[in-house]
Enquirer: 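Before anything else, here's the structure in question.
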Amino acid sequence: MTLPETASSTNFIRSIIDEDLKSGKHKTVVTRFPPEPNGYLHIGHAKSICLNFGLARDYNGRCHLRFDDTNPTKEEQEYVDTIQESVRWLGFDWGEDRYYASDYFEQLYRWAVALIKKGKAYVDDLTADEIREHRGTLTESGRESPYRNRPLEDNLDLFHRMRAGEFSDGSRVLRAKIDMASPNMNLRDPVMYRILHATHPHTGAAWCVYPMYDYAHGQSDSIEGITHSICTLEFEDHRPLYEWFLDQLGIYRPQQIEFARLNLTYTVMSKRKLLELVQQGYVSGWDDPRMPTLVGMRRRGFTPEAIRTFCERIGIGKNDSWIDMGVLEDCLRHDLNERAPRVMGVLRPLRVVIDNYPQNQTEEFDAPNHPNKPEMGSRKIPFSPVIYIEQDDFSEDPPKGYFRLTPGGEVRLRYAYIIKCVGVVKDEQSGKIVEVRCTYDPQSRGGSAADGRKIKGTIHWVSAPHSIEAEVRLYDRLFTLLNPGSDKGGADWKSGLNPNSSETLKSCRLEPGLADAAPERRYQFERQGYFCLDTVDSSPGIPVFNRSVTLRDSWVKNQ
RNA sequence: UGGGGCGUCGCCAAGCGGUAAGGCACUGGAUUUUGAUUCCAGCAUUCCCAGGUUCGAUCCCUGGCGCCCCAGCCA
């Protein structure tokens, strides 16, 4: 796999790998991205994907895609499919190395039997509530289950019958026999298997006992020969257990390394919360352009390159961090500024009639597709005596420093003519300006005055009769709160939802060439931002454009 | 008051005993037919605090303080 990224910045994980390679502990690097197919991937997953696949790429190793599908009650094939699509879209390739933890169920079962025979696991008949009561608290040690020391043969028989389907869900579990007094809660005889009479998306009805994450993950890593098993900080406490199973089994032990998960300001990242937004209709779906999901960001107009740059920029560490949404937005601008062709589109049209322009005349101007990249070519844009400009680009009573169109003032129509405002037409009832009358300077074709006078303002426009109609959706941050997800379990987190995160503009007028806009193509609407065709709601007659991100604007910032 | 982590600029983040990289943000200024882009300049005498070791400490030691995670038959 070859990607254009510049040399990755260093981080503590690369240091560990460098040492392992240097010391000869490992000859190659094998990482893995292990999503559970129970939801859509989001920008937080992208951080992990870029890390794991990026390491494999840079060290000439491999990165496995492994579905961590040990809980059939939450997982679905649909998620397996979209996860794969998102990883590919991001630009990564797992080659032949796609695995399912569920492919290891038989091996895992045999290992469990081995642990029972070793006296390191037992079947517990306690209920879930009883197990919780026995576990103790953070400051008090737990109590042993009365079933903890049942005869080895009984454990073997019971576990076999659990698999055979003789018992109901929740009636028994297999537990590791470790230490009920451990200060690490994870070591207080953790559950290894639970009974779940459920159909599994990958193994169907083959099983009714399913391994827990802790019992499955390390062994899966071991089977696949993972060298560095990278996960997020909350699993740090699980590492002793990860290592305990592997050591008891006497099998190869990969190194688990933990890093801080991504937090982004003005949004939420947990699958639970995202699911809630979808199910309760706060957004239109997982792919709503405001969602931090990969499918949502794609629909919004993000490029894989921008997301990869973002993941590179934010770095990898162990500090709990909140990355400013502005960093993500800047990464998109950075990418799109380079590659997006420029076009003109008027979002809130104001009709302008040019009085001294021959009323039946039409002409065309040549407009470069990118001001700094002549190699991107140019296009013809039609001009006529009736055009539309942005309502914001005309002001009867301009604020200080305003240099767009004003009564009696001049402004340049980009790539066309210099015009001068000679009057306004208002609606008699509302007093609202419905039309601006102008004259044009015939000597300014292309936009430069023949007498060399300087025109400070340049605005975009479209020819009224030639323009096409479109719907444009302006998106803003989903939340007004900096850290909406930081209240943990609270039910209150949705109070920070931004009521204006989406604004739909009908009757926008775009230059005619946009009639051919294709999905996945991004454009810069000059002076306004980057937009892309909405793949879901566009219809042949009325295209719908999503604003991916605005342009920087030092004017509004100073207002 | 158990255990595990983390504390370097507003937000991220390098640094690994030799005198504080970089990015974003921000502030100036230049160029500009996008108030965009680009460019140039500025932006931590200081690394949570207090002691100690050392010629020298953000890096080592000790003690504080602050924040995060763990009591699912979720991952």
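Here is how names work: the chains are called A, B, and so on, in the same order as the sequence lines, proteins then strands, and each is numbered from 1. The structure presented is a predicted model; accordingly, all values stated were derived computationally and were not measured.
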Enquirer: Please collect all salt bridge (Lys or Arg N to Asp or Glu O under 4.0 Å) contacts where either partner lies in residues 185-195 of chain A, sequence neighbours excluded, each pair once.
Expert: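 Counting only pairs at least two positions apart or across chains, the salt bridge (Lys or Arg N to Asp or Glu O under 4.0 Å) contacts touching residues 185-195 of chain A are A:R148-A:D189.
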Enquirer: Under 3.5 Å, is there an N or O donor on one side and an acceptor on the other linking the side chain of A:R404 and the base of B:G35?
Expert: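 By the distance-only test, yes, there is a pair.
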Enquirer: In whole Å, what is the span from the CD1 atom of A:I13 to the P atom of B:A14?
Expert: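 Rounded to the whole Å, the gap is 10 Å.
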Enquirer: Please work out if A:G457 contacts a base, only the sugar-phosphate, or nothing of the nucleic acid, heavy-atom cut-off 4.0 Å.
Expert: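 It contacts nothing in the nucleic acid.
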Enquirer: Would you say A:R239 places a side-chain N or O within less than 4.0 Å of OP1 or OP2 belonging to B:G4?
Expert: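 Checking B:G4 against A:R239, no side-chain N or O comes under 4.0 Å of OP1 or OP2.
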Enquirer: Should B:C59 form a Watson-Crick or G-U wobble pair with both distances under 3.5 Å, which nucleotide is its partner?
Expert: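 For B:C59, the partner nucleotide comes out as none, under the 3.5 Å rule.
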Enquirer: Rounding to a whole Å, what distance do you find between A:F12:CZ and B:A14:P?
Expert: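 Rounded to whole Å, this separation is 9 Å.
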Enquirer: Between A:R342 and A:H460, is any side-chain donor less than 3.5 angstrom from a side-chain acceptor?
Expert: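 Per modelled atom types, A:R342 and A:H460 side chains form no pair under 3.5 Å.
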Enquirer: Specify the separation, in whole Å, of atom CH2 of A:W322 and atom P of B:C67.
Expert: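 In whole Å, B:C67 P lies 17 Å from A:W322 CH2.
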Enquirer: Please state the C1' separation for the pair B:C73 and B:C61 - nearest whole angstrom.
Expert: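 Roughly 46 Å separates the two C1' atoms.
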Enquirer: Sort out the partner of B:G2 for me: Watson-Crick or G-U wobble, both distances under 3.5 Å, none otherwise.
Expert: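 Paired with B:G2, as far as the under-3.5 Å criterion goes, is B:C70.
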Enquirer: Considering only the P atoms, how many Å lie between B:A20 and B:C12, rounded to the nearest integer?
Expert: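 About 24 Å, rounded to a whole number of Å.
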Enquirer: Counting distance only, does the side-chain N/O of A:Y104 pair as donor-acceptor with the main-chain N or O of A:Y99 below 3.5 Å?
Expert: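 Between the backbone of A:Y99 and the side chain of A:Y104 there is no qualifying donor-acceptor contact (under 3.5 Å).
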Enquirer: Can you tell me how far P in B:U27 sits from the matching atom in B:U8, rounded to whole Å?
Expert: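 After rounding to an integer number of Å, I get 24 Å for this pair.
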Enquirer: Report the residue (A:I455 or A:G315) whose heavy-atom-nearest nucleotide on RNA chain B is the more 5′ of the two.
Expert: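 Per heavy-atom nearest nucleotide, the more 5' residue is A:G315.
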Enquirer: Closer than 4.0 Å, any side-chain N/O of A:R552 to the OP1 or OP2 of B:A25?
Expert: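 Yes, because at least one side-chain N or O of A:R552 sits under 4.0 Å from OP1 or OP2 of B:A25.
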Enquirer: Using both distances under 3.5 Å as the test, list the Watson-Crick or G-U wobble partner of B:U53, or none.
Expert: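 Pair assignment: B:U53 / none.
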Enquirer: Check whether any side-chain N or O of A:S554 sits under 4.0 Å from OP1 or OP2 of B:A36, and answer yes or no.
Expert: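 Yes, because at least one side-chain N or O of A:S554 sits under 4.0 Å from OP1 or OP2 of B:A36.
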Enquirer: Whole angstroms only, please: what is the NZ-P distance between A:K456 and B:U31?
Expert: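 Rounding to the nearest Å, NZ of A:K456 and P of B:U31 are 10 Å apart.
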Enquirer: Nearest whole angstrom, please: distance from the C1' of B:A36 to the CG of A:D393.
Expert: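 The distance from CG of A:D393 to C1' of B:A36 comes to 14 Å, rounded to the nearest Å.
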Enquirer: Could you tell me the Watson-Crick or G-U partner of B:C39, where both distances fall under 3.5 Å? Say none if there is no partner.
Expert: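 In the structure as shown, B:C39 has B:G29 as its Watson-Crick or wobble partner.
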Enquirer: From CD of A:Q528 over to P of B:U37, roughly how many Å is that when rounded to an integer?
Expert: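 Checked: the CD to P distance equals 15 Å.
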Enquirer: So, do A:F259 and A:F12 have ring centers that fall under 6.0 Å from each other?
Expert: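 A:F259 vs A:F12: aromatic centres not under 6.0 Å.
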Enquirer: Do the side-chain N and O atoms of A:Y242 and A:Q255 include a donor-acceptor pair separated by under 3.5 angstrom?
Expert: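 Side chains of A:Y242 and A:Q255: no pair found under 3.5 Å.
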Enquirer: Do A:F365 and A:Y415 have their ring centres less than 6.0 Å from each other?
Expert: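 No: the rings miss the under 6.0 Å criterion.
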Enquirer: Can you tell me if A:N319 touches the phosphate of B:A13, counting only side-chain N or O atoms and a distance under 4.0 Å to OP1 or OP2?
Expert: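 Indeed, a polar side-chain atom of A:N319 lies that close.
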Enquirer: Which base sits across from B:C24 as a Watson-Crick or G-U pair, both distances under 3.5 Å?
Expert: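 Base partner found: B:G10.
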Enquirer: Side chain of A:N337 only, please: which of B:G5, B:U34, B:U37 is the nearest?
Expert: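 Between B:G5, B:U34, B:U37, the one nearest the side chain of A:N337 would be B:U37.
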Enquirer: Return the set of residues passing ring pair (Phe, Tyr, Trp, His ring centres under 6.0 Å) with A:Y100 (not counting sequence neighbours), or none when no residue passes.
Expert: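 Expected list: A:F67, A:H202.
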Enquirer: Can you tell me, in whole Å, how much space there is between the C1' of B:G51 and that of B:C69?
Expert: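 That atom pair is separated by 30 Å.
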Enquirer: From NZ of A:K454 over to P of B:U31, roughly how many Å is that when rounded to an integer?
Expert: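 Between P of B:U31 and NZ of A:K454: 11 Å.
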Enquirer: Using a 4.0 Å heavy-atom cut-off, write out nucleotides 70-75 of chain B from 5' to 3' as B (base contacted by protein), S (sugar-phosphate only) or - (no contact).
Expert: BBSBSB
Enquirer: Ring centroid separation for A:Y40 and A:Y79, is it under 6.0 angstrom?
Expert: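 Under 6.0 Å, so yes.
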Enquirer: Is there a donor on the side chain of A:Q524 or the base of B:U34 sitting less than 3.5 Å from an acceptor on the other?
Expert: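 Under the 3.5 Å cut-off, the side chain and the base do form a donor-acceptor pair.
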Enquirer: Give the minimum heavy-atom separation between A:N155 and A:A121, together with the two atoms involved.
Expert: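 Taking A:N155 first and A:A121 second, the nearest heavy atoms are ND2-O, 4.0 Å.
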